[in-house]
Structures are given as C-alpha cells and as structure tokens.
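One structure below.
All ligand and atom numbering here is 1-based and tracks the order in the structure. Every value quoted in this text rests on a predicted model; they were computed, and no experiment measured them.
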Amino acid sequence: MWRAITRIPKTLDSLGQGVAVLPQQFQHSQLYNNNHNICSKTNYLSLHNQASLIRPKYRMSSAKPKVVFVLGGPGAGKGTQCSKIVERFQFEHLSAGDLLREERSREGSEYGQLIEEYIRNGKIVPVEVTCSLLENAMKNSGKSRFLIDGFPRNQDNLDGWNRQMSDKTEMQFVLFFDCAEDVCVKRCLGRGQSGSGRSDDNMESLKKRIQTYNNDSLPIIKYFENAGQVKRIDASPDADKVFQEVERVFLANGFQ
Ligand SMILES: Nc1ncnc2c1ncn2[C@@H]1O[C@H](COP(=O)(O)OP(=O)(O)OP(=O)(O)O)[C@@H](O)[C@H]1O
Ligand SMILES: Nc1ccn([C@@H]2O[C@H](COP(=O)(O)O)[C@@H](O)[C@H]2O)c(=O)n1
C-alpha cells in the first residue's frame, strides 16, 4: 500500500544546486521540487535508487557554482578576454549579449522583436528575460565555474540577479575592463567593418550604448567597487598584454 509518507532526507531534498546534472525526468519530480518534498515510500525508494546512479556527478556539483561578472564598455575586449580565460582556466563563458542575440533569432521566440529593439537602441533588456536565459544556460552547461559577460548592466539586472540567482551561486569578483571611450568606439567599428554582422556595431547605436554604459552600467561597477569586489584591468594594451593581468588576477584568487 502507498501508506508511508516519507520526508526526503536533506541531502536529496536540496538537489537545487545539482539540477545541472539531473536527467530531465528528475526535474519535475518531488526530488527536485522543494515545494512538494513528500512522496510515497515506493516512489521515494525508486527515485532514491535512480538518484544513486547519478550520485558521483551530483557530489561533484553539490557546491554552489562560482560566478565571475565581466563588465566594461562596449568593445572593451570582454569577449576576447573571456575566450582566453576559458582556454587557460576551466570556466564556461556566458555572454548575456550573445544569449539575447540567440534568443532574438530563435524561431518562435516571443521576445525576438523586443530584444532587437533594445539592442539596436543600446538599451538594457528587462532582467526577467536575460536572467532566465543565463540560468538556463548555466543549468544546461553542467559546469561549475562561469564567466557572466555583460551582466549585470544596470540596477534592474542586479536586482533580478539578487532575486533569482544570488542564493544559488557564489559570486567571486567583478572583472572590470577599463577602456577609454574612443578606443572602445574604434574597436566596435573595426569589428563591424570586419563583418561582425551586429546591428549595433555602427556609430548611431554606439552613441546610445555608450550613453547607457555611462548612465546605467558605471554606477553598478561603482557599487561593486565600494563593496571591494572589483578587479580592475587596463584594457587598452594589446589583447595578450591584457591577458597577462587577467591571468594574474585569477591565479591570485585561487583558480588554477
Ligand atoms: N586588447 C585589444 N586590443 C585591440 N583590439 C582588441 C583588443 N581586445 C579586443 N579587441 C578587438 O576589439 C573588438 C571588440 O572586442 P570584444 O568583442 O572582445 O569586446 P566586448 O567588450 O566583448 O564588446 P561588446 O560589449 O560590444 O560585446 C574585436 O574586434 C576584438 O578583436
Ligand atoms: N545584460 C545585458 C547585456 C546585453 N544587453 C543587450 O545586448 C546588447 C549587446 O550586448 P554586448 O554585451 O554583446 O555588447 C546591449 O547593448 C544590450 O542592448 C542587455 O540588454 N542586457
């Protein structure tokens, strides 16, 4: 008989952080859903046995994922440096801009048009969209170290992250690529000329992006700076030189 109601032990009950490695069928089960954390003994034993099969992976990812926010002006070289960090250290690179562009192009996306409008005008997409894209990408990657590039870009981004993600992750520091405006503009226009295909690598969009960066993003960097969480990197030298500094920061913070 399905009589005994068993409360799931803490170790299984708190699979929230291990969701990245859970097979699909677990993700809507009582094991996954903390709001329904009781089930019949039969169900519990069956789920418990299945959970045993994935235990090694779960153990590996039981710590909270580590997150480094990567910020800086448009064209400062965030993406370029993130690629180098991925090569040297074991991080997954998630660019908020790339995820938004991908969602914009996804057939059937209900946000496609909205995203394009925001991007072309250099405005910041509402955090509900961006944060969900980030969380999904984190879950799907199965990794435990993330470079979150181009986020949080304004107060709405930061508030949304704090609501949805801050308890589930461990923010390590903010990597801030400090770059003069004229250098940023030159780099973005250069990227546009060499065929980036981006609808915002043009002077008209760039003016708006820079305005958004100065008005909305710099205060966020300042906020993290006041909290002692910013690692500032001079982004003006060539990319290899910049990376020497970046590597030093990661090593000094215990990453191998
Ligand atoms: N240190 C550097 N020196 C010269 N050019 C660079 C440097 N770093 C990146 N670039 C070039 O500048 C352009 C912008 O770089 P990248 O895409 O990495 O910037 P970003 O900060 O990610 O930009 P965005 O925020 O607009 O996505 C690219 O064409 C890249 O090759
Ligand atoms: N948190 C973010 C990040 C980006 N966007 C939008 O995407 C544009 C391009 O971003 P890049 O980082 O690739 O330069 C950006 O100008 C925003 O329109 C966003 O809304 N929120």
Are Val68 and Leu99 connected into the same hydrophobic cluster when the rule is that any two of I, L, V, M, F, W, Y join if their side-chain heavy atoms are below 4.5 Å apart?
no

Residues Glu92 and Ser141: side-chain donor-acceptor under 3.5 angstrom:
no

Within a 6.0 Å radius of atom OH on Tyr111, are there more than 12 heavy atoms belonging to other residues, nucleotides or ligands?
no

Contact atoms of ligand 2, heavy-atom distance to Ile124 under 4.0 Å:
20 (O), 21 (N)

Heavy atom of Gln81 under 4.0 Å from ligand 1?
no

Does the N or O separation between Ala239 and ligand 1 drop below 3.5 Å for any pair?
yes

For atom 17 (O) of ligand 1, which protein heavy atom lies nearest, and how many Å away is it?
Arg191 NH1, 2.7 Å

For ligand 2, which atoms have a heavy atom of Tyr118 less than 4.0 angstrom away?
18 (O)

Which of the atoms of ligand 1 are close to Gly79, meaning less than 4.0 Å from one of its heavy atoms?
18 (O), 20 (P), 22 (O)

Atom 3 (C) of ligand 2: the protein heavy-atom neighbour that sits closest, reported with distance to 0.1 Å
Gly150 O, 3.2 Å

Does atom CZ of Phe89 have more than 12 heavy-atom neighbours, drawn from other residues, nucleotides or ligands, at distances under 6.0 Å?
yes

In plain terms, say whether Arg232 and Glu225 are close enough for a salt bridge, that is, a side-chain N and a carboxylate O under 4.0 Å apart.
no

Check whether the ring centres of Phe250 and Phe173 lie less than 6.0 Å apart, and answer yes or no.
yes

Do Glu181 and Lys186 meet the salt-bridge criterion of a basic N to acidic O distance under 4.0 Å?
no

Is Gly75 in contact with ligand 1, taking contact as a heavy-atom separation below 4.0 Å?
yes

Can a salt bridge be assigned to the pair Glu170 and Lys64 using a cut-off of 4.0 Å between side-chain N and carboxylate O?
no

Ranked by distance from atom 27 (O) of ligand 1, the top protein heavy atom is Arg198 NH1, 3.0 Å

Is there a polar contact between ligand 1 and Arg153, counting only N or O atoms under 3.5 Å apart?
no

Heavy-atom contacts with Gly77 under 4.0 Å: which atoms of ligand 1 show up? List them by number with element.
8 (N), 9 (C), 15 (O), 16 (P), 18 (O), 19 (O), 20 (P), 21 (O)

Atoms of ligand 2 close to Asp200 [distance to a heavy atom under 4.0 angstrom, numbered from 1]
9 (C)

Taking only heavy atoms of Asp238 into account, list the atoms of ligand 1 that are under 4.0 Å away from them.
1 (N)

With heavy-atom distances below 4.0 Å as the criterion, list the atoms of ligand 2 near Arg101.
9 (C), 13 (O)

At under 4.0 Å between heavy atoms, is it the side chain or the backbone of Lys123 that contacts ligand 2, or both, or neither?
backbone

Would Ala76 count as a contact residue for ligand 1, given that I'm defining contact as a non-hydrogen atom of the residue lying under 4.0 Å from a ligand atom?
yes

For atom 19 (C) of ligand 2, which protein heavy atom lies nearest, and how many Å away is it?
Leu100 CD1, 3.3 Å

Where's the contact between Asn121 and ligand 2, heavy-atom distance under 4.0 Å: side chain, backbone, both or neither?
neither

Under a 4.0 Å N-O cut-off, is there an ion pair linking Asp201 with Arg209?
yes

Tell me the protein heavy atom at minimum distance from atom 20 (O) of ligand 2, and give that distance in Å.
Val125 N, 2.6 Å

Within a 6.0 Å radius of atom NZ on Lys123, are there more than 12 heavy atoms belonging to other residues, nucleotides or ligands?
no

In this structure, atom 30 (C) of ligand 1 is nearest to the protein heavy atom Thr80 OG1, 3.8 Å

Basic-acidic side-chain contact under 4.0 Å: Glu102, Arg106
no

Counting heavy atoms only, name the option from Lys208, Arg209, Arg153 that's nearest to atom 10 (O) of ligand 2.
Arg153

Checking contacts here: is it the side chain or the backbone of Asp98 that comes within 4.0 Å of ligand 2, counting heavy atoms only? Could be both or neither.
neither

Surrounding CD of Gln90 (heavy atoms of other residues, nucleotides or ligands, distance under 6.0 Å), is the total greater than 12?
no

Starting from atom 25 (O) of ligand 1, locate the nearest protein heavy atom and write down its residue, its atom name and how far away it is, to 0.1 Å.
Lys78 NZ, 2.7 Å

List the steps, then state whether salt bridge (Lys or Arg N to Asp or Glu O under 4.0 Å) holds for Asp149 with Lys78.
CA-CA 7 Å; Asp149 168 4; Lys78 301 180 292 297; 5.0 Å; no

What about Asn157: any of its N or O atoms under 3.5 Å from an N or O on ligand 2?
yes

Should Lys241 and Asp238 count as an ion pair when the cut-off is N to O under 4.0 Å?
no

Note: Glu87-Lys84 ion pair, threshold 4.0 Å (strictly below):
no

Closest protein heavy atom (residue, atom, distance) for atom 1 (N) of ligand 1
Pro237 O, 2.8 Å

How does Arg198 reach ligand 2, by side chain, by backbone, by both or by neither, if only non-hydrogen atoms under 4.0 Å count?
side chain

among protein heavy atoms, the one nearest atom 8 (C) of ligand 2 is Ile119 CG1, 4.0 Å

Taking N or O atoms only and a 3.5 Å limit, does Arg187 qualify as a polar contact for ligand 1?
yes

Show the atoms of ligand 2 that are less than 4.0 angstrom away from any heavy atom in Phe151.
1 (N)

Would you say the ring centroid of Phe176 lies under 6.0 angstrom from that of Phe224?
no

Indicate whether the side chain of Gln155 and that of Asp159 have a donor and an acceptor atom separated by less than 3.5 Å.
yes

Polar contacts were defined as any N/O atom of the residue lying under 3.5 Å from an N/O atom of the ligand; does this apply to Arg209 and ligand 1?
yes

